[in-house]
Amino acid sequence: MPYRARWAAPAGGTTVQLIGDVQTDWERIWPLSGRTTYDAIGRDVRDHLIHDAPAARFQMGDISDGDAGGDPAVLRRRFALFDAWCGSYRLAVYKVMGNHDVPYDAVTPRQWAAVWGYPAPSYTVDLGDVNAVVLGPSAPHTASPLGEPPCPGWPVRPLTAADIAWLDRTLAADTRPTLVLNHAPLASEPTVFGSGWQDNQSTMRSRHAPDLVELLAGHRHVVAWAHGHTHTPWDRGTTGLMTIGGRRIARIDAAATYTQPTGAPPEVGVGRAVTFYVTVLDDGRTVDVRWRDHAAQVWTGAPDVGRLHRLVTS
């Protein structure tokens, strides 16, 4: 049975809400995720979860869909429509840069940051007992490093040496338990979105090993890498622990608002109003993950824990 009881964040923990890819043309309102899915999220938060507000909300990238014809005006209109959605439900939402938000440099990473008032594509959010580091690759548009044909929104940009150096300095300067948020996953995952003809998983780890993995392993206060991009259903099982450099961190695949079968074209994707609530407990190493089905207004899964994953990092 669905878990309908009221849920509050564990006492002493720090909770964030992760909202997955919009992946739609807001102007035409495709029957994917778009306004139908996002309005379900907004209504549920406004009407039922207002007293359990998280410390912050993050949208995990791909507010836009496709390549917007390479037209920066189209991209900016879509950003404005999403901003209006946030305003209509009085939600403060931090944005993570997705590949479809900066296609072909129609909007560059720095221009994307300026739209939202951020100093750069990468920035930090002070959550009190926890630090959140948003990592936005700043590399210019390039051809696929794997020799694949171009596609809308290609590529998920690689991190530059400057991006990695920034991350190292930022993590060294603040040793609170830290969540790293990036549009792409850190490691390859068994996603349902992966036809093989393009680098759909677009993992940071595969492009930057060993530098990035060694860096994260050396900062033992990093407890999780959270991402969107994969179009994976919430119950696919890709959220869990992964081992890097001999230690374990949480892997949180928060792309569930738009899911897509393997190899299927975008128009057969399915919008699901499911978001992730992630709590870092006071011990600084335990990460709890819950899922909220906002359309049904229930915590999904087992009635005793509301589909809880308790991930103990090391």
Side-chain angles (χ1 to χ4, degrees), residues 18-39 41-42 57-89 91-123 134-144 148-160 163 181-184 193 198-200 202 204 227-231 254-255 257-258 260 265-267 269 271:
L18 306 181
I19 306 172
D21 303 27
V22 184
Q23 199 72 28
T24 196
D25 180 339
W26 283 71
E27 295 172 293
R28 290 190 292 167
I29 313 181
W30 288 9
L32 303 180
S33 57
R35 287 300 298 266
T36 301
T37 296
Y38 269 65
D39 281 341
I41 296 170
R57 307 180 199 274
F58 294 89
Q59 197 282 325
M60 300 304 296
D62 282 1
I63 288 173
S64 183
D65 178 75
D67 60 9
D71 187 342
V74 172
L75 286 166
R76 291 176 183 276
R77 283 200 301 271
R78 293 178 185 176
F79 296 157
L81 287 167
F82 182 76
D83 199 36
W85 173 85
C86 294
S88 67
Y89 291 103
L91 299 179
V93 180
Y94 293 100
K95 286 82 176 176
V96 178
M97 188 183 75
N99 53 300
H100 288 285
D101 299 325
V102 286
Y104 309 119
D105 282 338
V107 170
T108 68
R110 285 205 167 270
Q111 289 170 337
W112 172 90
V115 166
W116 304 114
Y118 304 141
S122 297
Y123 60 95
V134 175
L135 187 58
S138 63
H141 175 82
T142 61
S144 165
E148 298 146 338
C151 69
W154 177 263
V156 170
R157 295 157 191 260
L159 298 172
T160 64
D163 294 330
L181 303 101
N182 179 266
H183 180 62
F193 181 39
Q198 56 180 304
D199 187 18
N200 286 324
S202 303
M204 291 292 106
H227 64 89
H229 186 62
T230 61
H231 301 187
T257 48
Y258 171 67
Q260 186 174 352
E267 57 268 21

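One is the number of the first residue; the rest follow in order along the sequence. Because the structure is predicted, anything quoted here is derived from the model rather than measured.
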Next item on the list: Indicate yes or no: at least one non-hydrogen side-chain atom of K95 is less than 4.5 angstrom from one of F79.
Entry: no
Next item on the list: Over all heavy atoms of both residues, which pair between P121 and G136 is shortest? Give the atoms and the distance, please.
Entry: CB-O, 3.4 Å
Next item on the list: Would you indicate whether the side-chain heavy atoms of V115 and D83 approach each other to under 4.5 Å?
Entry: no
Check: Is the side chain of H227 donor-acceptor paired with the backbone N or O of A254 at a distance under 3.5 Å, no angle test?
Finding: no
Item checked: Side-chain donor or acceptor of W85 paired with backbone N/O of Y38 under 3.5 Å -> yes
Next item on the list: Taking D21 for its side chain and A255 for its backbone only, find out whether a donor-acceptor pair lies under 3.5 Å.
Entry: no
Note to self: Has D163 got a side-chain atom pairing as donor or acceptor with T160's backbone, closer than 3.5 angstrom?
What the structure shows: yes
Next item on the list: Let me see the working for T108 and V102 under side chain to side chain contact (heavy atoms under 4.5 Å, CB included), right down to the final yes or no.
Entry: CA-CA 6 Å; T108 68; V102 286; over 6 Å; no
Check: Hey, does V134 have a side-chain heavy atom less than 4.5 Å from the side chain of F58?
Finding: yes
Margin query: Ignoring hydrogens, what is the shortest heavy-atom contact between S64 and R78? Give both atom names and the distance.
Written below: OG-NH1, 2.8 Å
Check: Considering all heavy atoms of both residues, which atom of H183 and which atom of V96 are nearest to each other, and what is their separation?
Finding: N-CG1, 3.6 Å
Next item on the list: Over all heavy atoms of both residues, which pair between D101 and V107 is shortest? Give the atoms and the distance, please.
Entry: O-CB, 4.1 Å
Next item on the list: Decide yes or no for N182 and H229: does some side-chain heavy atom of the first lie under 4.5 Å from some side-chain heavy atom of the second?
Entry: no
Checklist line | Donor-acceptor contact below 3.5 Å, side chain Q59 vs main chain G20 | finding: yes
Note to self: Taking the side chain as everything from C-beta on, heavy atoms only, tell me whether R76 gets closer than 4.5 Å to Q111.
What the structure shows: yes
Notebook entry, point to check: Which class fits the ring pair Y123 and Y118: parallel under 30°, tilted 30 to 60°, perpendicular over 60°?
Noted result: parallel
Item checked: Sidechain-backbone polar pair: D62 side chain, N99 backbone, donor-acceptor under 3.5 Å -> yes
Checklist line | Non-hydrogen side-chain atoms of P137 and M97 separated by less than 4.5 Å | finding: yes
